[in-house]
Novice: 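Right, I'll just put the structure down here and ask away after.
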Amino acid sequence: MRQQFASDNNAGICPQALARVLEANAGHATGYGDDARTQEARERIAALFEADCEVFFVFNGTAANALSLAQLCQPFNAIIAHAFSHIETDEAGAPEFFSGGAKLMTADTPLAKLTPEAVEALATRYFGPHHVKPAVLSLTQATELGTVYKPEELRALTDVAKRHGLKVHMDGARFANAVARLGCKPADISWRAGVDVLCFGGVKNGLAVGECIVFFDRTLSHEFQWRIKQAGQLNSKMRLVSAAWLGLLDGDVWLENARHANAMADRLAAGLKNIAGVALIAPVEANAVFADIPPELQRALREKGWRFYTFLGETGCRLMCAWDTEPETVDQFLTDLREAANS
Ligand SMILES: *Cc1c(COP(=O)(O)O)cnc(C)c1O
């Protein structure tokens, strides 16, 4: 299939990660993560974050989010999140299920970014044993609308959380894209900004499988390994996941992949701005472009074989770029759209 803009998961595994998997595939190694490569991957992720953190690997992002949230919640707790967050809209109730009943409380603030005021309002909405008790603030970086929280924005949010005794979880399925855009250190938008637990995404960045969970406060990860095992998320051939992570970490391939995907989104957005009838819905700050495209132009694009999602009403389209999106793919999409708009 040709390159598409439907999702960054339409791309494959990047060559550097694949090479490491092939190398790790030769010979035998101890299972369940008790091997040298997994140990090295954990140490290098801790070094990347400049933190004495606890690192775990699970198969996918839904498990990373649901299990880490469950770890921070009692069944009677609540998790504060954005209305347009993956945990609210795309995980089939996994956070509620794995936490044994914790409720998601959401706010629909602009650009898919929570505000300190919205968090304050949700954190103080309920009081007493007849209601759920908020325990976690969950932030998505980059957001589901392809926007990014700056370090000071995160700090303002996590300050409110801490004031109300909430732990802070970050869904970082596209954390790499946020780091690339902000030009900051990974620590600047995680623990240094008040994040307690980060789900650090590798799959959309160029892996086949294996998301990483980073506990910056080690005490919070108490007995977490049992939670992973019970949920069927402990990989017996872990070395093949951790080896791929080493391929992303070598020479900061993860950052290069994210920079490239972001640059392709910028290229796409720049072209879309000049097409009559098409308008950007949100600033392009990661690897997603959200644009209003009239239904007849969408139809023309789909007839030419393009695949993408229309998420927001009839015109709100999401165009995702990946680590391997070629400039020529972007340019061809723009040419096809321009042609349809001019006919
Ligand atoms: C893709 C994604 C995930 C993880 O999804 P899985 O399909 O379960 O791996 C989590 N959060 C966000 C914001 C995502 O885009």
Side-chain angles (χ1 to χ4, degrees), residues 4-13 17 56-70 79-99 104 106 108-109 111-114 136-149 154 168-181 189-190 195 197-214 228 231-233 235 241 244-245 248 254 257-258 261-262 265 282 284-290 308-309 311-312 317-323 325:
Q4 294 289 355
F5 296 99
S7 176
D8 29 9
N9 66 22
N10 284 194
I13 179 169
F56 300 88
F57 298 99
V58 293
F59 287 100
N60 61 28
T62 299
N65 282 334
L67 296 178
S68 58
L69 287 167
I79 298 157
I80 294 173
H82 196 278
F84 194 43
S85 63
H86 203 267
I87 60 169
E88 166 73 359
T89 64
D90 287 294
E91 298 190 353
E96 294 92 329
F97 176 75
F98 282 103
S99 64
L104 265 60
T106 63
D108 201 3
T109 34
L111 299 178
K113 289 167 76 172
L114 285 171
V136 183
L137 168 62
S138 177
L139 300 168
T140 309
Q141 176 80 314
T143 73
E144 284 286 54
L145 203 58
T147 52
V148 156
Y149 291 102
L154 291 173
V168 180
H169 162 267
M170 181 173 273
D171 175 350
R174 300 190 183 89
F175 185 83
N177 302 88
V179 173
R181 180 66 68 180
I189 53 171
S190 57
V195 174
V197 182
L198 169 69
C199 297
F200 182 23
V203 172
K204 284 168 183 154
N205 187 257
L207 298 186
V209 66
E211 304 289 81
C212 174
I213 305 171
V214 187
I228 288 180
Q233 288 284 328
N235 189 346
V241 162
W245 267 99
L248 281 190
W254 65 277
N257 283 352
N262 290 358
V284 175
E285 297 176 344
N287 59 327
V289 178
F290 280 83
F308 54 90
Y309 288 103
F311 272 169
L312 310 170
C317 300
R318 187 189 76 162
L319 305 166
M320 294 300 310
C321 295
W323 63 270
T325 300

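As a basis for the values below, the full set of heavy atoms in this structure was taken, side chains included, without hydrogen atoms, waters or symmetry mates. Given the structure is predicted, the values throughout are model-derived calculations rather than measurements. All ligand and atom numbering here is 1-based and tracks the order in the structure.
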Novice: Indicate yes or no for a side-chain donor-acceptor contact from N205 to the backbone of W254 under 3.5 Å, with no hydrogens or angles considered.
Specialist: yes
Novice: Give the contacting part of D90 toward ligand 1: side chain, backbone, both or neither, where contact means a heavy-atom distance below 4.0 Å.
Specialist: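 Neither; nothing of D90 gets under 4.0 Å from ligand 1.
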Novice: Should the ring pair F84 and F290 be called parallel, tilted or perpendicular, given that the plane angle runs from 0 to 90° and is split at 30 and 60?
Specialist: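 Because their plane-to-plane angle is over 60°, the rings of F84 and F290 count as perpendicular.
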Novice: In terms of residue, atom name and distance, what is the protein heavy atom nearest to atom 7 (O) of ligand 1?
Specialist: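 Checking every protein heavy atom, the shortest distance to atom 7 (O) of ligand 1 gives T62 OG1, 4.4 Å.
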Novice: Look at ligand 1 and say whether V203 reaches it with a heavy atom at a distance under 4.0 Å.
Specialist: no
Novice: State the atoms of ligand 1, each with its element, that fall below the 4.0 Å cut-off from a heavy-atom position in E144.
Specialist: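 Those of ligand 1 that fall under 4.0 Å from E144 are 13 (C), 15 (O).
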Novice: So which bit of E211 gets within less than 4.0 Å of ligand 1, heavy atoms only: side chain, backbone, both or neither?
Specialist: neither
Novice: Output the list of atoms in ligand 1 that are nearer than 4.0 Å to some heavy atom of K204, sorted by atom number.
Specialist: 1 (C), 2 (C), 3 (C), 14 (C), 15 (O)
Novice: Quick one: which ligand 1 atoms are inside 4.0 Å of a heavy atom on R174?
Specialist: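 The atoms of ligand 1 under 4.0 Å from a heavy atom of R174 are 15 (O).
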Novice: Quick one: look up the protein heavy atom nearest atom 5 (O) of ligand 1 and list residue, atom name and how far away it is.
Specialist: H86 CE1, 3.4 Å
Novice: Given 3.5 Å as the limit, does a donor-acceptor pair link the side chain of T325 with the main chain of A322, or not?
Specialist: yes
Novice: Heavy-atom pairs closer than 4.0 Å: do any link ligand 1 to the side chain of D171, the backbone, both, or neither?
Specialist: side chain
Novice: Donor-acceptor pair, H86 side chain versus E91 backbone, under 3.5 Å?
Specialist: no
Novice: Which ligand 1 atoms, with their elements, are less than 4.0 angstrom from a heavy-atom of G61?
Specialist: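 In order of numbering, the contacting atoms are 4 (C), 6 (P), 8 (O), 9 (O).
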Novice: Listed by chain and number, what are the side chain to side chain contact (heavy atoms under 4.5 Å, CB included) partners of A81, not counting sequence neighbours?
Specialist: S85, I87, S138
Novice: Less than 6.0 angstrom separating the ring centers of F308 and F5, yes or no?
Specialist: no
Novice: Please identify each residue that fulfils side chain to side chain donor-acceptor pair (under 3.5 Å) with D171, with sequence neighbours left out.
Specialist: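 Partners of D171 by the side chain to side chain donor-acceptor pair (under 3.5 Å) criterion, ordered by chain and then number, come out as N65.
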